[in-house]
Peer 1: 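Encoded as structure tokens, here's the structure I'll be asking about.
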Amino acid sequence: MNIAAHLTTPIRLSLSISTLALACTAAFADPQAITVVDASGQPIASAAVSVMVKGAKATAPAGTSADMVQKNRRFTPTVLPVQTGTAVSFPNLDTVRHHVYSFSPARKFEIKLYAGTPASPVVFDKPGTATLGCNIHDTMVGYIHVVDTPYFGATDAAGKVSIDLPAGEHKAHVWYPAMGETTPPVELALKTGAPVTLRMK
């Protein structure tokens, strides 16, 4: 009798069940409407909303990527939320060259004067907010907000965002540029189902 084989079978079965459970949780995620408003009830645009879900992986799968575009001498979008471990490219769609940089503790980097898309993306490997600038165009400002969850999005001009979430009670984190890059996100309770309004104090 192969005792070792018999002893390891329950462990393998347990791991398989856990993996299946996580896959089922992701499969049953539904769109959740979220609106972010200020203390007076006015919508907050370009707010990064992330939702902490138990069992969700903090780091993005290998190969996850995103784009922070430069167009009309602006960063588009103004706020780009990404999951930790995401590789971000900086395509320049303008007819002038840009020199993109960040001096933020969350991710320091510099892409010197260039046109087109740089060959190597920048990997954002820890949570936080990186403020972006351009050495050539001082009015260009953008933000990459890095989160430890796969559930996130940015609000539109009406302060609205839709995020696919598994049913239940979770914690939502909200950050927007007026808070400053070193200010941690505000944590608020979120229960899925009906549309949710998150009010910032």
Side-chain angles (χ1 to χ4, degrees), residues 10-66 77-88 104-107 123-130 143-201:
I11 297 174
R12 290 173 182 166
L13 178 60
S14 175
L15 289 173
S16 298
I17 291 173
S18 298
T19 303
L20 180 61
L22 287 174
C24 289
T25 298
F28 287 105
D30 290 316
Q32 174 63 51
I34 300 169
T35 302
V36 180
V37 299
D38 63 18
S40 63
Q42 296 301 305
I44 300 177
S46 298
V49 180
S50 55
V51 182
M52 311 309 291
V53 175
K54 187 177 181 180
K57 290 187 176 181
T59 305
T64 300
S65 62
T78 303
V79 174
L80 175 67
V82 299
Q83 188 176 6
T84 305
T86 298
V88 179
S104 303
R107 187 63 169 93
V123 176
F124 288 78
D125 54 5
K126 62 182 179 180
T129 304
Y143 306 88
I144 294 180
H145 184 69
V146 188
V147 300
D148 279 341
T149 174
Y151 303 99
F152 60 85
T155 59
D156 60 16
K160 298 182 181 296
V161 64
S162 179
I163 302 174
D164 289 347
L165 292 174
E169 297 182 1
H170 311 296
K171 294 293 184 183
H173 291 175
V174 181
W175 179 91
Y176 54 98
M179 294 171 63
E181 70 171 38
T182 60
T183 303
V186 174
E187 183 176 277
L188 299 165
L190 183 152
K191 184 176 181 179
T192 62
V196 171
T197 296
L198 301 176
R199 185 180 294 270
M200 309 295 288
K201 295 181 180 180

Peer 1: Answer yes or no: is there a side-chain heavy-atom contact under 4.5 Å between H170 and T192?
Peer 2: yes

Peer 1: Measure the OG1-OH distance between T183 and Y176 for me, rounded to the nearest 0.5 Å.
Peer 2: 9.5 Å

Peer 1: To the nearest 0.5 angstrom, please state how far the CG atom of D30 sits from the CG atom of D164.
Peer 2: 7.5 Å

Peer 1: Just how far is it from atom CG of L188 to atom NZ of K201, taken to the nearest 0.5 Å?
Peer 2: 8.5 Å

Peer 1: I'd like to check the side-chain contact (heavy atoms from CB on, under 4.5 Å) partners of T35; sequence neighbours left out, ordered by chain and number.
Peer 2: V37, K160, T197

Peer 1: Applying side chain to side chain donor-acceptor pair (under 3.5 Å), can you list everything that pairs with S50, at least two apart in sequence or on another chain?
Peer 2: none

Peer 1: Please examine the side chains of P105 and E181, heavy atoms only from C-beta on, and report whether any two atoms are closer than 4.5 Å.
Peer 2: yes

Peer 1: Using the side-chain contact (heavy atoms from CB on, under 4.5 Å) criterion, which residues pair with E187? Sequence neighbours excluded.
Peer 2: K171, H173

Peer 1: Name all residues meeting the side-chain contact (heavy atoms from CB on, under 4.5 Å) criterion together with V82; count only those two or more places apart in sequence or in a different chain, and write none if there are none.
Peer 2: A66, L80, T86, V88, I144, V146

Peer 1: If the condition is ring pair (Phe, Tyr, Trp, His ring centres under 6.0 Å), which residues does Y143 pass it with, not counting sequence neighbours?
Peer 2: W175

Peer 1: Test of understanding: with side chain to side chain donor-acceptor pair (under 3.5 Å), list the residues that count as partners of T84, not counting sequence neighbours.
Peer 2: D148

Peer 1: Would L198 and V186 satisfy side-chain contact (heavy atoms from CB on, under 4.5 Å), going step by step from the backbone distance to the final call?
Peer 2: CA-CA 10 Å; L198 301 176; V186 174; over 6 Å; no

Peer 1: Side-chain contact test, heavy atoms from C-beta onward, threshold under 4.5 Å: evaluate it for V36 versus P43 and give yes or no.
Peer 2: no

